[in-house]
S.K.: 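Once you've had a glance at the structure underneath, I'll fire off some questions.
Order of the sequence lines fixes the chain letters, A, B, ..., with proteins taken first and strands second; residue numbering starts at 1 for each chain.
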Protein chains: 2
Amino acid sequence: MKRITIKDVAQRAGVSSAAVSYVLNGREHKVSADTLSKIKKAIAELNYIPDYSARSLANNKSNLIGVVIPQTEDQSQLLLENPFYCELICGIEAKLRQSGYHMILSGVNKGEGYLDVSMQRNLDGAIIMGIYQESFYEDLKKVNIPIVLIDSYINDNYFKRIGIDDELGGYMATTHLIENGHQNIALVTGTIRKDGVVEKRFLGYKRSLKEHGLFYNPDYVFEGSVSYDHGVESGRAIASDRRGITAVFATGDLVAFGVIAGLSENGVKVPEDISVIGFDDISLSKMFVPRLTTVRQDIVTRGSAAAQCLIDSIEGKEDVETELTLPIELVVRDTVKRI
Amino acid sequence: MKRITIKDVAQRAGVSSAAVSYVLNGREHKVSADTLSKIKKAIAELNYIPDYSARSLANNKSNLIGVVIPQTEDQSQLLLENPFYCELICGIEAKLRQSGYHMILSGVNKGEGYLDVSMQRNLDGAIIMGIYQESFYEDLKKVNIPIVLIDSYINDNYFKRIGIDDELGGYMATTHLIENGHQNIALVTGTIRKDGVVEKRFLGYKRSLKEHGLFYNPDYVFEGSVSYDHGVESGRAIASDRRGITAVFATGDLVAFGVIAGLSENGVKVPEDISVIGFDDISLSKMFVPRLTTVRQDIVTRGSAAAQCLIDSIEGKEDVETELTLPIELVVRDTVKRI
DNA sequence: TTGTAGGCGTTATCAG
DNA sequence: CTGATAACGCCTACAA
């Protein structure tokens, strides 16, 4: 299929290519009604489709957004096993498409940054999930495009952030357990990294303990990866050596499912023997039996908010918030028992 | 960050931009060892990053692959709720990135096709999941780029297909149930569309019934969408009116989970009262309690095979199979009971 | 209101 | 082996 260019359209309409370009870019007022209709007709007849590469070259605007999600250590595969990211992406993609952008979804190779991709593709903006080493962000800033961070507490005004109050979430979860009579509460979590969401949830956990006159016991913390498998291992460990633990706060729903599996595998029932609370309320949580009590955030909305925020920045809107905090709420279902 | 161009590199190295272009494109033998080293040095010093838009314009090669996945009817959100697609994408993305390509992931708007995107972005190829109306494929062919279909039995040699033997899978699942003494087997499934995978699984189901001397009973077929919710509804329906049904073949794991939920919600236990078998073996299936008996396909591998096949076509390899059928196997776990 | 022409970064052709 | 130079498709001063 030979490419129809703007010149073909111009020729067919009997006008110059500049005129065509004008109507293509919404500057229709620069053109007489007559020419306008001729051009529109020609575009339709020829079924003209613009070439974004050329546009990007001339314009420095690609209508391309980079979306980065974390990946597994070993396989360098995207962490799509975690439905959290899937839902985020659903929200992002829908909003982007509806606004005329396309999404390049990728992970970033170990040791490499994202500067290359940004420059190669002339990205108009990027949404970054997960947390990376500092040089990663410094590189990103050099490219000088709007960037939205999800799941990061990097304190730098260059970046926009769409977050939730993770500390509060950790506090809410822990408090809910305490209010149900639990005193020895384990924390099963991914790596507690500075400026990461997990750290905040951890801090909320500790604050709740303290405010309720309970001691923080480091032995109750099972730190590993944010994965089902780590949950399973922790569940097993707890089952084999209870040490008085009656409840578990898992900092992600997927982890919580793992914990439940690890426990029940060893005959420990949830919530009869041990209560479990999660975090995120991924769509799976409704499907799982028993239905998981968790701290809910609206993940899809968060994705579309991130996309919207990015688009606003790109398009030069004035009042773009540099930080947006979305609400969370406790969802009480079947995995926490009053004791 | 001002863009460093090939000219800057040429200037710095004291050579022409053509020479630089040569070494950039691996035609290093067209250049003297001395110039080569000077150019390499300049590239490194200036931290030159090529502009793919320009390259695409000049070359008609974008190193961009379009990946299309189905979306929900209402929200036009990607069907990432279904882990099947997530895993596929993991496989695809990893392979593409490792081969120097980027992935544009999107759904396609109702009523629109994918021709626009393909042309706008100068896609080098595309991977299409799900099935669409015929005009969709006809449009795609016009663009004249390699295309890999997943989950389609469209009979057209233009397209490559990476599939499994869905008919056999349906047969295996049903046969497994029959061999465990079941005679009244319900089928819970997405829409049975011509040339779709679901149709093949359905045909395998019927063949197994027939070969084992059982009658096909249309009343036992619960046709709806490939979703958890449809599973739940069907499960409820079965629970409230058993009609002798002792086993269910769900044509997707997610659907199977729904069925199980719908059943147990009404006090019907799996597998004690009713056996359930699924299809796909998504990673979730290991996590679910009870562990789902299912027909396994290696989804991630399928994704990376699709990507590899596409890349081979793009790069003009000779021996690219037009159709690849990956193995499947029965995975016996805990949801089928012998009666 | 309309058209001409130069440039965006890269590649490829074709003389030197 | 090397270096101009003309595309590629589009946009946008600037001139008419």
Side-chain angles (χ1 to χ4, degrees), chain A residues 1-40 42-43 46-64 100 116 118-124, chain B residues 1-40 42-43 46-64 100 116 118-124:
Chain A
M1 194 181 193
K2 204 204 149 311
R3 174 144 225 133
I4 306 290
T5 78
I6 206 173
K7 281 184 187 164
D8 299 321
V9 176
Q11 195 171 0
R12 173 104 174 197
V15 299
S16 80
S17 63
V20 179
S21 178
Y22 288 145
V23 342
L24 249 29
N25 294 293
R27 273 190 276 288
E28 316 195 336
H29 55 278
K30 300 198 74 174
V31 135
S32 74
D34 184 40
T35 355
L36 177 60
S37 72
K38 277 192 296 190
I39 291 175
K40 280 191 169 166
I43 288 179
L46 294 175
N47 192 17
Y48 167 75
I49 299 172
D51 181 329
Y52 280 46
S53 304
R55 197 175 268 185
S56 163
L57 236 203
N59 251 358
N60 227 30
K61 173 120 175 44
S62 62
N63 278 61
L64 229 35
D116 282 32
S118 316
M119 296 285 291
Q120 286 166 350
R121 297 294 181 188
N122 267 301
L123 297 184
D124 287 345
Chain B
M1 192 180 195
K2 204 205 149 309
R3 172 143 228 135
I4 306 289
T5 77
I6 205 174
K7 283 183 188 164
D8 298 323
V9 176
Q11 195 171 1
R12 174 103 172 198
V15 300
S16 82
S17 63
V20 180
S21 178
Y22 286 145
V23 344
L24 249 29
N25 295 292
R27 274 189 276 289
E28 316 195 336
H29 55 278
K30 302 199 75 173
V31 137
S32 73
D34 183 40
T35 356
L36 178 60
S37 74
K38 278 192 296 188
I39 291 174
K40 281 192 168 166
I43 288 179
L46 293 174
N47 190 17
Y48 166 76
I49 299 172
D51 182 328
Y52 280 45
S53 303
R55 197 174 270 186
S56 163
L57 235 202
N59 247 2
N60 228 30
K61 174 116 173 51
S62 62
N63 278 60
L64 229 36
D116 283 33
S118 318
M119 296 286 289
Q120 286 166 349
R121 297 295 180 188
N122 269 301
L123 298 184
D124 287 347

S.K.: Which whole-number value in Å describes the distance from A:Asn122 CG to D:dC11 P?
M.R.: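 To the nearest whole Å, that distance equals 15 Å.
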S.K.: To check you understand the geometry: which heavy-atom pair defines the closest contact between A:Asn63 and A:Asp124, and what is its length?
M.R.: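 For A:Asn63 and A:Asp124, the tightest heavy-atom pair comes out as N-OD2, 2.5 Å.
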S.K.: Take the protein atom CE of A:Met119 and the nucleotide atom C1' of C:dC8, then report the distance between them rounded to whole Å.
M.R.: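 For the pair A:Met119 CE and C:dC8 C1', the rounded distance is 14 Å.
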S.K.: Could you give the CD-to-P distance, from A:Glu28 to C:dT1, as a whole number of Å?
M.R.: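 It works out to 13 Å between those atoms.
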S.K.: Checking all strands, does A:Ser53 fall into the base, sugar-phosphate, or nothing category for heavy-atom contacts under 4.0 angstrom?
M.R.: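 Contact class for A:Ser53: none.
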S.K.: Going by salt bridge (Lys or Arg N to Asp or Glu O under 4.0 Å), name the pairs with one or both residues in residues 16-27 of chain A, residues two or more places apart or in two chains.
M.R.: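 Found none.
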S.K.: Quick check on B:Gln11: does its CD atom have over 12 non-hydrogen neighbours (other residues, nucleotides or ligands) under 6.0 Å away?
M.R.: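 Incorrect, the count does not exceed 12.
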S.K.: Nearest heavy-atom pair of A:Tyr48 and A:Thr5: which atoms, and what distance?
M.R.: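 Residues A:Tyr48 and A:Thr5, closest heavy atoms: CE1-C, 3.7 Å.
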S.K.: A:Thr35 pairs by side-chain contact (heavy atoms from CB on, under 4.5 Å) with which of A:Val20, A:Val15, A:Val23?
M.R.: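 Option passing the side-chain contact (heavy atoms from CB on, under 4.5 Å) with A:Thr35: A:Val15.
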S.K.: Taking the side chain as every heavy atom from C-beta outward, state whether A:Asp51 and B:Asn122 have any pair of such atoms under 4.5 Å apart.
M.R.: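 Result yes, sub-4.5 Å side-chain heavy-atom pair found.
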S.K.: How many Å lie between CD1 on A:Ile39 and C1' on D:dC11, as a whole number?
M.R.: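 Answer to the nearest Å: 14 Å.
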S.K.: Nucleotide by nucleotide, 5' to 3', does protein get under 4.0 Å of the base (B), only the sugar-phosphate (S), or neither (-) in nucleotides 10-16 of chain C, counting heavy atoms?
M.R.: BSBBB--
S.K.: Rounded to the Å, how far apart are B:Leu36 CG and D:dC1 P?
M.R.: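 To the nearest whole Å, that distance equals 11 Å.
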S.K.: Quick one: label B:Ser56 by what it contacts on the DNA or RNA (base, sugar-phosphate, nothing), any heavy atom closer than 4.0 Å.
M.R.: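 No contact.
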S.K.: A:Arg121 has an atom CZ; how far is it from atom P of C:dC8, in whole Å?
M.R.: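 In whole Å, C:dC8 P lies 22 Å from A:Arg121 CZ.
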